[in-house]
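A short worksheet on the structure shown next.
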2 protein chains.
Amino acid sequence: MLSGMPMRHQPDRTPDRVKDRPTWIVSRVFARSSALLAAAFEAHADGLRGYHYRLLAALEQWGAASQADLSRGTGIDRSDVTGGLTEMEGRGLVERRPDPEHKRRNIVTITEAGREALLRLDDIVDGVQAELLAPLSPAQRKQFIEMGRLVADRRA
Amino acid sequence: MLSGMPMRHQPDRTPDRVKDRPTWIVSRVFARSSALLAAAFEAHADGLRGYHYRLLAALEQWGAASQADLSRGTGIDRSDVTGGLTEMEGRGLVERRPDPEHKRRNIVTITEAGREALLRLDDIVDGVQAELLAPLSPAQRKQFIEMGRLVADRRA
DNA sequence: GACCAACATTGGTCCGGCCAACATTGGATG
DNA sequence: CATCCAATGTTGGCCGGACCAATGTTGGTC
């Protein structure tokens, strides 16, 4: 794929018609971003992954929510929300209790330990941002991000 | 993951600490790029995918090669090269014949039909580039690509 | 009371990147 | 020459992320 590409590929020999195309470059940027994130989470996040970070972030920002709300808010599939929450519940980062008014619904809240974990993850993720953008000047970083936003937000 | 994200997610509600991070934006750009490519290939590539395109491009540019060479040159795993070539051989886009000097080795060549297919795929892929970069001005496109190169090529 | 929609959960699918094992073959080294 | 090792092509599988389907339950509606 011009998008799905190897994580460890040396670009020394990539066909010209491939390696100069924006879609290819985008895929390589993404690969680098993913690799940095994976390494950082692996090293410091104690088993937590991006799913968990996004769920904690959503809970912190929007307060208690049902799992369905979390799914809609984060774009994570309902079933994956279930799994992620179960893992975090076991670590005491999150609490699930049935909604008294709608028995079928769970109300999910972030715990104090959850907030602390979120802050730790913030640091980890911030470090990756710095590493990723290291090759760019501060001015370039702003431009790069802004252009990325433009490209990404174009409604398909 | 801050990188692995849903393909169909509406960014209307994404936690702030997530949605403003470069890694997140990168992942969304990649998602858009992937979606455009997938749609274009699905619609016009008659079953061929990125793997095939990259293999054809390599063969066209560097001439006949062994499968191991193709793997090294394109970064595609040996086993996936085998699979991709088998599919293309069935369509007559590529020919495999044993190397007379090294019996264990296959010499792979692109056929005339393969070159034609490659040109068709070129057009498809070009269309995606235009679509992807549509939100940017020509000057911005150059900058965006150049910055992407810088970020991607940073040796991990 | 019957029907339908929402919810949480289980248990998958699919696809791309990757790895392991294998039989074969060639080259290198003793 | 015999032995060992490296390279090659192939098969088969693993893993992780996104996604989907079916289920049991519950609530609201008509």
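Below, read A as the first sequence line, B as the second, and so on, with proteins coming before strands; counting in each chain starts at 1. Side chains are part of it too, since the values below use all heavy atoms of this structure and drop only hydrogens, waters and symmetry mates.
- Distances shown here put every side-chain N or O of Arg54(B) at or beyond 4.0 Å from the OP1 or OP2 atom of dG16(C).
- Using a 3.5 Å distance cut-off with no hydrogens or angles, the side chains of Thr86(A) and Arg96(A) do pair a donor with an acceptor.
- Of the candidates dT25(C), dG27(D), dT8(D), the closest approach to any side-chain atom of His102(A) belongs to dG27(D).
- Summarising the geometry, the separation between CH2 on Trp24(A) and C1' on dG16(C) is reported as 13 Å, rounded to the nearest angstrom.
- When atom types are taken as modelled, the side chain of Ser71(A) and the backbone of Ile76(A) share a donor-acceptor pair closer than 3.5 angstrom.
- Going from atom NZ of Lys103(B) over to atom P of dT10(D) covers 16 Å, rounded to whole Å.
- For dG16(C), the OP1/OP2 oxygens have a side-chain nitrogen or oxygen of Arg49(B) closer than 4.0 Å.
- Between the CG atom of Asn106(B) and the C1' atom of dT10(D) there is a distance of 10 Å, rounded to whole Å.
- Rounded to an integer number of Å, the gap from Leu37(B) CG to dC15(C) P is 16 Å.
- In the region residues 78-101 of chain A, proximity to DNA chain D at under 4.0 angstrom, judged on heavy atoms, holds for Ser79(A), Asp80(A).
- Counting non-hydrogen atoms under 4.0 angstrom, Asp77(B) reaches a base of the nucleic acid.
- Rounding to whole angstrom units, CZ of residue Arg104(B) and C1' of dT25(C) are separated by 5 Å.
- The nearest whole Å value for the distance from the OH atom in Tyr51(A) to the C1' atom in dC15(D) is 14 Å.
- Looking at Gln61(A), its side chain does come within 3.5 Å of a backbone N or O of Asp16(B) through a donor-acceptor pair.
- A sub-4.0 Å separation between OP1 or OP2 of dA6(C) and a side-chain N or O of Gln67(A) is absent.
- Applying the side chain to side chain contact (heavy atoms under 4.5 Å, CB included) rule to Glu146(B) yields the partners Arg149(B), Leu150(B); only residues at least two apart in sequence or on another chain are considered.
- Looking only at distances, a side-chain donor or acceptor of Ser34(A) sits under 3.5 Å from a matching main-chain atom of Phe30(A).
- Closest non-hydrogen pair, Leu132(B) versus Pro135(B), comes out as O-CD, 3.3 Å.
- A straight line from CZ of Phe30(B) to C1' of dG17(D) spans 11 Å, rounded to a whole angstrom.
- Following rounding to the nearest Å, Arg105(B) (CZ) and dA23(C) (C1') show an atom-to-atom distance of 17 Å.
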Test log, rule side-chain contact (heavy atoms from CB on, under 4.5 Å), inputs Val108(A) and Leu55(A) = CA-CA 10 Å; Val108(A) 184; Leu55(A) 289 170; over 6 Å; no
